[in-house]
Amino acid sequence: MHIPARFLDLHVLHPVTAANLNRDADNEPKTISYGNATRAFVSPQAWKRPIRLNVEQDLGEHAARTRMVPPLVAQKLQEAQWPQDLATFASAQIVQSAKTKGLKHNAAEAYRTQAMLYLPLDVIDDLVALCEKHRTDLEEAFATHTPKKKITPVLPTKDLAAHLTSRTASINLFGRMLAELPAGHVEAAVQMAPAFSVHRSDPQPDFFTAVEDLPQNGDAGSAHLQTAFLTTSVFYRFATINITDLRHNLGSATPTETVNDLIELFVRHFILSMPGGKKTSTAPHTLPDLVHYAVRDRRSVSYGAAFEQPVKAAPQGGYTTPARQALTDYAATINRLLGTRHLIAHGHTSTTTKPLTTLGTHHTSFDDLAAACATEATATLTPADQP
């Protein structure tokens with residue numbers, strides 16, 4: 001009997017004061033044209049990274065994207081009193097023994113890998129322990145090795161590959177691509193859209209000077225002149241978690257409570273995390289005005305199209321209230337078009353205490369909402385209804 005995929009959709013309206021959350025090649029705020037209007041724009045990668053790091057911090061389970069695994073292994077082996085040349089030879093085994101023809105690497109740069117590996121941070125220590133376990137084999141291979149000869153694999157491929165393809169919770173959430181080790185590929189359970197302003201938002205200039213604190217005679221006083229650009233925006237942010245894929249990534253033996261906790265943690269950090277661009281000079285640490293979730297079977301639904309026509313400011317000024325109304329109206333339209341047969345649950349919280357009935361259950365806080373939508377998302381899946 002077919003069980004449909006389940007999705008948790010997250011919709012956020014987030015007012016942000018003057019900021020440059022995500023810069024382009026010219027150091028200016030990223031923009032995009034949508035609905036024939038220039039919008040402020042934040043790449044999903046810029047928002048996803050702080051979310052991932054915060055999730056890992058709370059779990060105490062860190063991962064890293066790096067090309068530096070072999071050099072780091074060599075460094076730790078030398079700290080353990082291995083001779084430098086033997087430590088370097090052992091670190092070369094990380095790339096040479098990982099698979100039949102080895103991983104692509106640069107021997108002139110301490111055997112760093114050509115592709116970035118995304119793996120648990122403690123794997124470095126595991127690889128050092130693997131080298132320690134096979135030190136005798138490494139010493140014998142090193143003794144017969146000549147510089148012009150290709151390094152013969154010594155470390156057990158199965159054990160090495162198991163370390164390089166191990167996972168953390170964040171890898172199960174955000175996925176991983178390891179083209180050279182297909183067994184390490186993890187399909188991302190989280191999809192995140194670029195954030196964009198729901199209204200027209202052109203970058204605005206901010207001319208500034210840096211004053212010379214120790215001027216010499218005749219100095220004008222300014223040591224540096226420059227113009228920075230900032231935007232002010234109400235962003236629409238959207239992410240969806242494929243709950244079915246997440247359960248698959250975590251493994252069927254994972255308790256539902258563990259899945260719930262991970263989803264709740266992601267939701268909290270999706271709501272609260274901020275990109276770090278220009279944070280010391282803009283401190284754009286605002287909170288969302290509205291968070292809405294929908295648990296759906298079969299497919300997820302973004303409400304981004306609600307803002308194809310740029311929101312106009314309210315008569316008294318401000319975009320937040322009309323943006324909230326536009327999202328609420330669009331949610332009602334989606335429910336009319338799709339029906340609610342596959343809408344398992346939905347809810348919201350907002351700076352306004354008045355419930356928005358179109359958006360489902362009203363929650364009083366972000367924490368309440370995060371806990372509720374995690375519980376709803378992992379409720380027992382039911383067979384698909386017949387069309």
Side-chain angles (χ1 to χ4, degrees), residues 7-17 19-23 30 41-66 116-124 166-176 186 188-195 233 235-243 245-247 249-250 254 257-293 349 363 365-375 377-378:
F7 297 88
L8 170 60
D9 296 342
L10 298 167
H11 311 270
V12 173
L13 288 177
H14 195 154
V16 177
T17 52
N20 186 350
L21 298 180
N22 191 201
R23 288 171 271 183
K30 286 185 178 180
F41 173 90
V42 179
S43 298
Q45 297 90 336
W47 226 305
K48 191 182 295 183
R49 179 174 169 78
I51 295 170
R52 175 175 71 84
L53 294 179
N54 286 332
V55 167
E56 292 175 351
Q57 183 67 35
D58 281 2
L59 292 174
E61 184 184 71
H62 299 278
R65 284 188 173 90
T66 181
M116 296 186 80
L117 302 178
Y118 182 25
L119 68 178
L121 198 55
D122 57 12
V123 163
I124 303 299
S166 59
R167 306 179 185 182
T168 61
S170 62
I171 291 173
N172 286 318
L173 270 172
F174 297 107
R176 174 177 63 194
V186 181
V190 171
Q191 301 173 29
M192 191 176 300
S233 307
F235 285 104
Y236 171 71
R237 298 166 46 207
F238 173 72
T240 185
I241 308 175
N242 186 322
I243 305 300
D245 281 353
L246 180 60
R247 280 178 154 175
N249 290 349
L250 291 169
T254 304
E257 293 77 10
T258 301
V259 183
N260 280 7
D261 290 346
L262 183 56
I263 294 170
E264 183 177 344
L265 193 60
F266 171 83
V267 172
R268 286 178 178 175
H269 287 302
F270 178 72
I271 294 170
L272 297 175
S273 296
M274 291 292 290
K278 286 283 187 180
K279 66 180 180 181
T280 57
S281 56
T282 59
H285 304 303
T286 57
L287 294 176
D289 170 75
L290 171 68
V291 179
H292 168 53
Y293 70 86
T349 190
H363 302 281
S365 70
F366 295 143
D367 283 349
D368 290 345
L369 178 141
C373 69
T375 299
T378 56

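To the nearest 0.5 angstrom, L59 atom CG is 8.5 Å from T168 atom OG1. Here L272 contributes atom CG and I51 contributes atom CD1; the two are 10.0 Å apart, rounded to the nearest 0.5 Å. Between the CD atom of E56 and the CG atom of L265 there is a distance of 10.5 Å, given to the nearest 0.5 Å. The CG atom of L10 sits 9.0 Å away from atom CE of M192, with the distance rounded to the nearest 0.5 Å.
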Determine, step by step, whether V123 and S166 satisfy the side chain to side chain contact (heavy atoms under 4.5 Å, CB included) criterion, reporting the C-alpha distance in whole Å, the side-chain angles of both residues, the deciding distance to 0.1 Å, and the verdict. CA-CA 8 Å; V123 163; S166 59; 3.3 Å; yes

Evaluate the side chain to side chain contact (heavy atoms under 4.5 Å, CB included) criterion for residues D9 and F238: first the C-alpha distance (whole Å), next the side-chain angles of each, then the deciding distance (0.1 Å), finally the verdict. CA-CA 7 Å; D9 296 342; F238 173 72; 3.8 Å; yes

Residues I271, L369; criterion side chain to side chain contact (heavy atoms under 4.5 Å, CB included); working and verdict: CA-CA 10 Å; I271 294 170; L369 178 141; 4.2 Å; yes

Can R247 and T254 be said to form a side chain to side chain contact (heavy atoms under 4.5 Å, CB included), step by step? CA-CA 8 Å; R247 280 178 154 175; T254 304; over 6 Å; no

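Using a 3.5 Å distance cut-off with no hydrogens or angles, the side chains of D122 and H62 do not pair a donor with an acceptor. Counted by atom type alone, H14 and T286 present one or more donor-acceptor pairs between their side chains at under 3.5 Å.
Within the cation-pi definition used here (under 6.0 Å to the ring centroid, within 45° of the axis), R268 does not qualify as a partner of F366. Stacking of R52 on the aromatic ring of F174 is not recorded, the 6.0 Å distance cut-off and the 45° axial limit not both being met.
You'll find the side chain of E264 stays beyond 4.5 Å of the side chain of T375, heavy atoms only. Proximity of N20 to R23: side-chain heavy atoms (C-beta onward) are separated by under 4.5 Å at one or more points. P44 places a side-chain heavy atom less than 4.5 Å from the side chain of P194. The side-chain heavy atoms of L246 and V190, taken from C-beta on, include no pair separated by under 4.5 Å. Using a 4.5 Å heavy-atom cutoff, the side chains of V12 and L290 are not in contact. Between I171 and P120, some side-chain heavy-atom pair lies under the 4.5 Å cut-off. With a 4.5 Å cut-off on side-chain heavy atoms, L21 and M274 count as touching. Looking at heavy atoms from C-beta onward, F266 lies in side-chain contact with L173 at the 4.5 angstrom threshold.
When all heavy atoms of P50 and A46 are compared, the closest pair comes out as CD-O, 3.1 Å. Closest heavy-atom contact between S170 and Y118: OG-OH, 3.6 Å. Scanning both residues, R237 and A195, for their nearest heavy atoms gives CG-CB, 3.7 Å. Summarising the geometry of P284 relative to T17, their closest heavy-atom pair is CA-OG1, 4.1 Å, with the distance given to 0.1 Å. Residues G277 and T282 come closest through the heavy atom pair O-OG1, 4.4 Å. The two atoms that bring K30 and S43 nearest to each other are NZ-OG, 2.8 Å, heavy atoms only.
Taking D261 as the reference, nothing meets the side-chain contact (heavy atoms from CB on, under 4.5 Å) condition, with sequence neighbours excluded.
Between the side chain of N22 and the main chain of V42, no donor-acceptor pair closer than 3.5 Å is present.
Aromatic rings of Y293 and H363 (six-membered ring for Trp) have centroids within the 6.0 Å cut-off, being under it.
When the options N242, I243, T378 are evaluated for a side chain to side chain contact (heavy atoms under 4.5 Å, CB included) with L8, the one that passes is I243.
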